[in-house]
Visitor: 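For reference, the structure I am asking about is given below.
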Amino acid sequence: MSEQPQQPPNQPPGYGYPNAGPYQQQPGYGYPQGGYPQGGYPQGGYPPGPVPPGMYTGDPNAPYGYDPFGRPYSDKSKIVAGILQLFLGTFGVGRFYIGDVGIGLAQLFTCGGMGIWALIDGIILLTSNDKTDAQGRVLRG
């Protein structure tokens, strides 16, 4: 006959080495009665609320998300367009970059309005927040 080890002193009964078995639960422990709450993201995969600006949303009409007014951002940058317009505006390069082929050709044939039109257009592209590309999407800043 084998003896079971004694309960260590200063230990409440039911705890310690001699228990009912390695996989038996003590009272008051275990899973919640109703199970765990089912959380997670909704069907779309994003947390609820607005998508942060500049984040890719998977929407082909808004490749870089939406601005705070709900207008889609373009894949073109207003900084690149403005710099191109300032330095190569006599050839209309900034306007060709954002897809405005008609204005780009007009600047090409007039040498950017003798440089004045190209300079003003470059400054406006850099400072404004509502310039759009050929698809009507707001340029990213």
Side-chain angles (χ1 to χ4, degrees), residues 2-141:
S2 68
E3 287 186 31
Q4 287 189 353
Q6 293 292 327
Q7 181 78 15
N10 300 329
Q11 185 88 15
Y15 293 94
Y17 178 74
N19 57 12
Y23 299 108
Q24 301 260 336
Q25 288 186 345
Q26 298 290 332
Y29 294 100
Y31 297 108
Q33 287 297 325
Y36 288 109
Q38 297 298 320
Y41 291 135
Q43 185 76 16
Y46 288 106
V51 178
M55 182 178 181
Y56 182 70
T57 61
D59 185 1
N61 295 326
Y64 289 93
Y66 295 93
D67 72 348
F69 299 109
R71 300 176 300 182
Y73 278 123
S74 173
D75 56 342
K76 308 290 187 199
S77 170
K78 75 175 187 175
I79 296 171
V80 172
I83 298 295
L84 285 173
Q85 192 63 26
L86 285 176
F87 291 108
L88 300 171
T90 55
F91 305 115
V93 175
R95 287 298 184 155
F96 285 123
Y97 169 73
I98 61 175
D100 289 336
V101 177
I103 295 176
L105 286 174
Q107 287 181 347
L108 177 66
F109 293 136
T110 62
C111 292
M114 300 295 200
I116 297 170
W117 182 12
L119 177 68
I120 293 171
D121 201 24
I123 293 170
I124 290 173
L125 280 171
L126 285 172
T127 59
S128 69
N129 290 330
D130 60 348
K131 287 296 180 185
T132 59
D133 64 0
Q135 288 81 29
R137 300 179 296 200
V138 179
L139 296 175
R140 292 184 296 129

Visitor: Please output the side-chain donor-acceptor pairs of residues 115-129 that fall under 3.5 Å, not counting sequence neighbours, one pair per line with the distance.
Guide:
unit_1 : atom_1 : unit_2 : atom_2 : d
Asp121 : OD1    : Arg95  : NH2    : 2.7
Asp121 : OD2    : Arg95  : NE     : 2.8
Asp121 : OD2    : Arg95  : NH2    : 3.4
Asp121 : OD2    : Gln107 : NE2    : 3.1
Thr127 : OG1    : Ile123 : O      : 2.9
Ser128 : OG     : Ile124 : O      : 2.9
Asn129 : OD1    : Lys78  : NZ     : 2.9

Visitor: Once rounded to the nearest 0.5 Å, what's the spacing between atom CD1 of Ile103 and atom CD1 of Ile98?
Guide: 7.5 Å

Visitor: Does the Tyr73 side chain pair with the main chain of Gly141, one donor and one acceptor, at a distance under 3.5 Å?
Guide: no

Visitor: If every non-hydrogen atom of Gly99 is compared with every non-hydrogen atom of Ala134, which pair is closest and at what distance?
Guide: O-CB, 3.5 Å

Visitor: Closer than 3.5 angstrom, by distance alone: can the side chain of Arg140 be matched with the main-chain N or O of Ser77 as a donor-acceptor pair?
Guide: no

Visitor: Please list all pairs meeting salt bridge (charged side-chain N to carboxylate O under 4.0 Å, His left out) that have one or both residues in residues 123-134, counting only residues at least two apart or in different chains.
Guide: Asp133-Arg137

